[in-house]
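Contents: one structure, followed by commentary.
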Amino acid sequence: MARRILFLGPPGAGKGTQAAMLARALKVPHISTGAMLREAVAAGTDLGKRVESVMAAGDLVSDDLVVAIVDERLGAADARCGYLLDGFPRNVAQAMALNDAVVNAIGTVLLIEADTDELVSRLLGRAVAEGRADDNEATIRRRLEVYEQETAPLVEYYGDAVIRVDGMGSIEDVFSRMVLALAG
Ligand code: ADP
């Protein structure tokens, strides 16, 4: 059975961590647009140079760039039997492009939620631990704002396909909650 799962949730909710764990369990690729873009920046490719300042400001990279990356990645052989998408789509236009790109629409949308105070403190903690260029206070505020304006409307867009998962608590607690929600 093909498994196509999409992760939604604000920055800091734990999407990346949970998506990586679930992808390992389901043996499907974890496709993170944020990670792919950060790799391009680190490698200094043309794409990386184009997106670096936009990402550092906490704004969204242009839809056509991101859609092209995802389109190419979904065409790879390992994505044929399913994938977890993390960080894409980020707005309704990207969601519509995704519908064009995949033959079978997304089956499940996991929405990971957490309190805003918790999100900010996790992101500030990660800034110290990982040194991500966009984990400083001003950019964090901007990313949360962009999430509310651009990405949160996708919850309504995906309607009944959305499964809400409480992202508060330990990584293991959230993972078990998510697996239970998927089974239920
Ligand atoms: P987070 O959700 O924790 O802020 P991500 O790793 O998903 O982080 O994304 C980091 C940055 O990469 C975003 O703030 C944005 O600039 C860019 N980005 C990632 N995915 C997309 C996308 N689908 N559309 C536009 N920009 C994106």
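For reference, positions follow the sequence shown, starting with 1.
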Please give me the minimum heavy-atom distance between [X] and [Y], naming the atom from each residue.
X: Met168; Y: Ala114; answer: SD-CB, 3.7 Å
X: Ala23; Y: Pro29; answer: CB-C, 4.3 Å
X: Thr139; Y: Met55; answer: CG2-O, 4.3 Å
X: Gly107; Y: Ala161; answer: O-CB, 4.1 Å
X: Gly12; Y: Leu119; answer: C-CD2, 3.5 Å
X: Pro89; Y: Ala95; answer: CB-N, 3.4 Å

Using a 3.5 Å distance criterion without hydrogens, assess whether the side chain of [X] forms a donor-acceptor pair with backbone atoms of [Y].
X: Lys15; Y: Asp86; result: no
X: Arg177; Y: Asp166; result: yes
X: Arg122; Y: Ala13; result: yes
X: Thr151; Y: Arg90; result: yes
X: Gln18; Y: Ile171; result: yes

With rounding to the nearest 0.5 angstrom, report the [atom1] to [atom2] distance, [X] to [Y].
X: Leu84; Y: Ser32; atom1: CG; atom2: OG; result: 11.0 Å
X: His30; Y: Tyr83; atom1: NE2; atom2: OH; result: 13.5 Å
X: Leu22; Y: Lys27; atom1: CG; atom2: NZ; result: 12.0 Å
X: Ser121; Y: Asp115; atom1: OG; atom2: CG; result: 10.0 Å

Treat each ILVMFWY residue as a node, draw an edge where side-chain heavy atoms are under 4.5 Å apart, and state whether [X] and [Y] are in one component.
X: Ile112; Y: Met21; answer: yes
X: Val146; Y: Val120; answer: no
X: Leu37; Y: Val41; answer: yes
X: Leu60; Y: Val70; answer: no
X: Leu144; Y: Val61; answer: no

Residue pair [X] / [Y], side-chain heavy-atom distance below 4.5 Å:
X: Val155; Y: Glu113; result: no
X: Ile5; Y: Leu85; result: no
X: Leu111; Y: Phe7; result: no
X: Leu74; Y: Leu98; result: yes
X: Leu154; Y: Asn91; result: no
X: Pro11; Y: Ile140; result: no
X: Phe88; Y: Met36; result: no
X: Leu110; Y: Leu182; result: yes

Does the pair Asp78/Arg73 count as a salt bridge with the N-to-O cut at 4.0 Å? yes
Does Val109 form a side chain to side chain contact (heavy atoms under 4.5 Å, CB included) with Ile163? I'd like the steps, not just the answer. CA-CA 6 Å; Val109 178; Ile163 299 176; over 6 Å; no
Looking at Gln149, Arg142, Arg143, which one forms a side chain to side chain donor-acceptor pair (under 3.5 Å) with Glu145? Arg142
